Amino acid sequence: MFQSLSTLANKRIILGLTGGIAAYKSAELTRLFKKAGAEVRVVLTPAAAEFITPLTLQALSGNPVHQHILDPAAEAGMGHIELAKWADLILIAPASADFIARMAAGMGNDLLTTLCLASEAPIAIAPAMNQAMWHDTRTQSNVKQLESLGMQLWGPGAGDQACGDSGLGRMLEPEQLAELSGAMFSSGALSGLRVCITAGPTREAIDPVRYISNHSSGKMGYALAEAAIEAGARVTLISGPVNLNSPERVCRITVTNAQQMLDAALAQMGRCDVFIAAAAVADYRPASVAEQKIKKSDDTMTLTLVKNPDIVATVASHPQRPFTVGFAAETERMLEHARAKLERKTLDMIIANDVAQQGIGFNSDDNAVTVVTRNSEQSLPLASKSQLARTLVTLIAQHLAIPRH
Ligand code: PMT
């Protein structure tokens, strides 16, 4: 695969086809996008459907092809506004002179022009037309208008044309368009990498109705999952019981207790490049779980607890060890304890948070942390967990680039 295509992993692309003989090349473009790991939804104008069948594009994209704005069946599935919001990129290839003119005039008289009006995603246009149509002053002024609106113009190329003419007006080749699309996302710091994140608390059963747990909400781990997705990673989120919706495009595995979380984490070994342990795992569990609800009898009761396996330490000592990042939730001497955990658990990085402070740490929307590695220390001031997660992902990506041993 071309280097820049790896940035297309997990990206959502609307590929719009308008009427032109070059539409056949967009079948190959769809295939290249899919091969690079992008999700593709194809939109055909009525003129495009004269040149290529929806069935071909449906088979290649793995999604139904969208054609009409007033199609109740399509609107019931993914409506046009939903589709406009869904996209990370809209690429119109081939873009006919007629389509470019309608876009330049701000029209919304079919599904594709409406999507372009309604979407905040970047829009790229790959023109394809007869060389005289391309050079026509009206087409040129329309193209300038689209560029002034921030749309990208990819091509056209020069060469022999289907009509027998020769000159500018050929649609760029599918490989070129795929590369240009990949370059749009090249800031993806974790592109092509597989990231596994633990989040939330664990619950250790005492009897069928009681358990030992903690106040973790899962917000920190879920924010990291979203940030890693944004950075182009494929993300598996191993989540304890939380009240959060699964972030889009994340593969979530739900678990209850520490042993299940460990089993799920070990199943990812060999399939993950980065492991981030944001979960607040119960350090101990009851030695035995009562089969029936324990009855209230004596004034005091004693629970015997046994140590739970240490998940992040087990991952860090695995033969297929990923880049391993832990968290340290501390209420005193934060950096000293965090450094000790970094060493004892043989982690690559530990993110220390002072969970005694009000408004950060457990079950809050914000956090403030210090990122510690063997030879660095960096404080990240109070910020929303989402913002902080983005910074943490960038720092992790930077450290991944440094040779480890
Ligand atoms: O979920 P939120 O409400 O958003 O709160 C976020 C958080 C405070 C839970 C999070 O930022 C955090 O600090 N997570 C780690 C909590 C914790 O258990 O810290 P610890 O210092 O006890 O553990 C150190 C590291 O070992 C952690 O990465 C932990 O996931 C891991 N661990 C601990 C015990 C165990 N048996 N297995 C582990 O993997």
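The residues of the chain are indexed from 1 along the displayed sequence. Read the numbers this way: they start at 1 and go in the same order the structure lists the ligands and their atoms. This one's a predicted model, so the numbers in the text were calculated from it and none came from an experiment.
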Can you tell me which portion of P309 lies within the under-4.0 Å heavy-atom range of ligand 1? Options are side chain, backbone, both, or neither. backbone
So which protein heavy atom does atom 34 (C) of ligand 1 come closest to, and at what separation? D283 OD1, 3.3 Å
Can you list the atoms of ligand 1 that are under 4.0 Å from a heavy atom of G326? 28 (O)
Taking atom 31 (C) of ligand 1 as the reference point, the nearest protein heavy atom with its distance: V312 CG1, 3.7 Å
Contact between A279 and ligand 1, counting heavy atoms under 4.0 Å? yes
Can you sort out the partners of K34 under salt bridge (charged side-chain N to carboxylate O under 4.0 Å, His left out), two or more places apart, ordered by chain and number? none
Looking only at protein heavy atoms, identify the closest one to atom 27 (C) of ligand 1 and say how far it is in Å. F327 O, 3.0 Å
Are any non-hydrogen side-chain atoms of C196 and Q268 less than 4.5 angstrom apart? yes
Just to confirm my output: which protein heavy-atom neighbour is closest to atom 6 (C) of ligand 1, and how far is it? M220 CB, 3.6 Å
Can you list the atoms of ligand 1 that are under 4.0 Å from a heavy atom of A328? 21 (O)
contact_flag M261 ligand 1 heavy-atom lt 4.0 Å: no
I'd like to know if R234 and D273 make a salt bridge, using a cut-off of under 4.0 Å between side-chain N and carboxylate O. no
Consider ligand 1: state whether an atom of it lies below 4.0 angstrom from any non-hydrogen atom of A258. no
When distances are taken from atom 2 (P) of ligand 1, the protein heavy atom at minimum range is S217 OG, 3.4 Å
Please confirm whether G221 comes within less than 3.5 Å of ligand 1 when only nitrogen or oxygen atoms on both sides are compared. no
Should T137 and Q140 be marked as a side-chain hydrogen bond (donor to acceptor under 3.5 Å, both in side chains) after you check the CA-CA gap, both sets of side-chain angles, and the distance that decides it? CA-CA 5 Å; T137 49; Q140 285 306 305; over 6 Å; no
Identify each donor-acceptor pair in which a side-chain atom of residues 247-258 lies under 3.5 Å from a protein atom, sequence neighbours left out, and give them as a table.
{"unit_1": "E248", "atom_1": "OE1", "unit_2": "R12", "atom_2": "NH1", "d": "3.0"}
{"unit_1": "E248", "atom_1": "OE1", "unit_2": "R12", "atom_2": "NH2", "d": "2.5"}
{"unit_1": "R249", "atom_1": "NH1", "unit_2": "N10", "atom_2": "O", "d": "2.6"}
{"unit_1": "R249", "atom_1": "NH1", "unit_2": "D88", "atom_2": "OD2", "d": "3.2"}
{"unit_1": "R252", "atom_1": "NH1", "unit_2": "Y222", "atom_2": "OH", "d": "2.9"}
{"unit_1": "R252", "atom_1": "NH1", "unit_2": "L244", "atom_2": "O", "d": "3.1"}
{"unit_1": "N257", "atom_1": "OD1", "unit_2": "Q259", "atom_2": "N", "d": "3.3"}
{"unit_1": "N257", "atom_1": "OD1", "unit_2": "Q260", "atom_2": "N", "d": "2.9"}

Mark the output for K345 as yes if a heavy-atom distance to ligand 1 is under 4.0 Å, and as no if none is. yes
Among all protein heavy atoms in this structure, tell me which lies nearest to atom 13 (O) of ligand 1, with the distance rounded to 0.1 Å. N353 ND2, 3.0 Å
Heavy atoms from other residues, nucleotides or ligands near CZ of R344 exceed 12 (cutoff 6.0 Å): yes
Between the side chains of E28 and R31, is the shortest nitrogen-to-carboxylate-oxygen separation below 4.0 Å, so that they form an ion pair? yes
What atoms of ligand 1 come closer than 4.0 angstrom to any heavy atom of S216? 1 (O), 2 (P), 3 (O), 9 (C)
Report the part of A329 (side chain from C-beta onward, or backbone N, CA, C, O) that has a heavy atom under 4.0 Å from ligand 1; answer both or neither where that applies. both
Using modelled atom types and a 3.5 Å cut-off, is there a donor and acceptor pairing between side-chain atoms of R339 and backbone atoms of T373? yes
Atom 21 (O) of ligand 1: closest protein heavy atom, distance to 0.1 Å, is K341 NZ, 2.5 Å
Decide whether the shortest distance between a heavy atom of T198 and an atom of ligand 1 is less than 4.0 Å. no
What protein heavy atom lies closest to atom 14 (N) of ligand 1? Include the residue and the distance to one decimal. A278 O, 2.9 Å
